[in-house]
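Nothing here was measured: the structure is a model prediction, and the numbers come from that model.
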Amino acid sequence: PGFCCACVVNTNSSLLSADEGSFGALGTLPQHQGRGFARAVVRFITQALHSAHRIPHCYVAADNIASQSVMKACGYAAVGEATWLLSQTE
């Protein structure tokens, strides 16, 4: 319990994942975008989470078209909308 993993493919793309199956913070260096690195990272973590009997899931901002495209290419589909709530206390 409580594992957190960061996976990197060819040092060009990265992603963070948590034990319950969520993942996010997908990023690819600008000079390597459009070459399939993000898809490779998402596919890798998806398989790892399935192997750990987790349901892979993530949140993608409505205006993040690039990440939405990556997720759709990896077999993900939107199932609803979310509202982020931020703590107003210190």
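- Counting side-chain heavy-atom gaps under 4.5 Å among Ile, Leu, Val, Met, Phe, Trp and Tyr, the cluster of W84 also holds Y59.
- Across all their heavy atoms, A73 and R39 have their closest contact at CB-CD, 3.7 Å.
- Partners of H32 by side chain to side chain donor-acceptor pair (under 3.5 Å), not counting sequence neighbours, listed by chain and number: N12, R35.
- Looking at residues two or more places apart in sequence or on another chain, you find a side chain to side chain contact (heavy atoms under 4.5 Å, CB included) between L85 and T83.
- Grouping Ile, Leu, Val, Met, Phe, Trp and Tyr by side-chain contacts under 4.5 Å, direct or through others, leaves L86 on its own.
- Not counting sequence neighbours, Q33 has no partner by the side chain to side chain donor-acceptor pair (under 3.5 Å) test.
- Considering only residues two or more places apart in sequence or on other chains, T46 meets the side chain to side chain contact (heavy atoms under 4.5 Å, CB included) condition with V42, H50, P56, Y76.
- Across every non-hydrogen atom of A38 and S13, the tightest pair is N-OG, 3.4 Å.
- Partners of Q68 under the side chain to side chain contact (heavy atoms under 4.5 Å, CB included) rule, at least two apart in sequence or in another chain, are V60, I65.
- Side-chain atoms of R54 come within 3.5 Å of backbone atoms of D19 as a donor-acceptor pair (strictly under, hydrogens ignored).
- Residues passing the side chain to side chain contact (heavy atoms under 4.5 Å, CB included) test with S22 are A18, E20, H57, sequence neighbours excluded.
- A 6.0 Å sphere centred on CD of Q31 holds more than 12 heavy atoms belonging to other residues, nucleotides or ligands.
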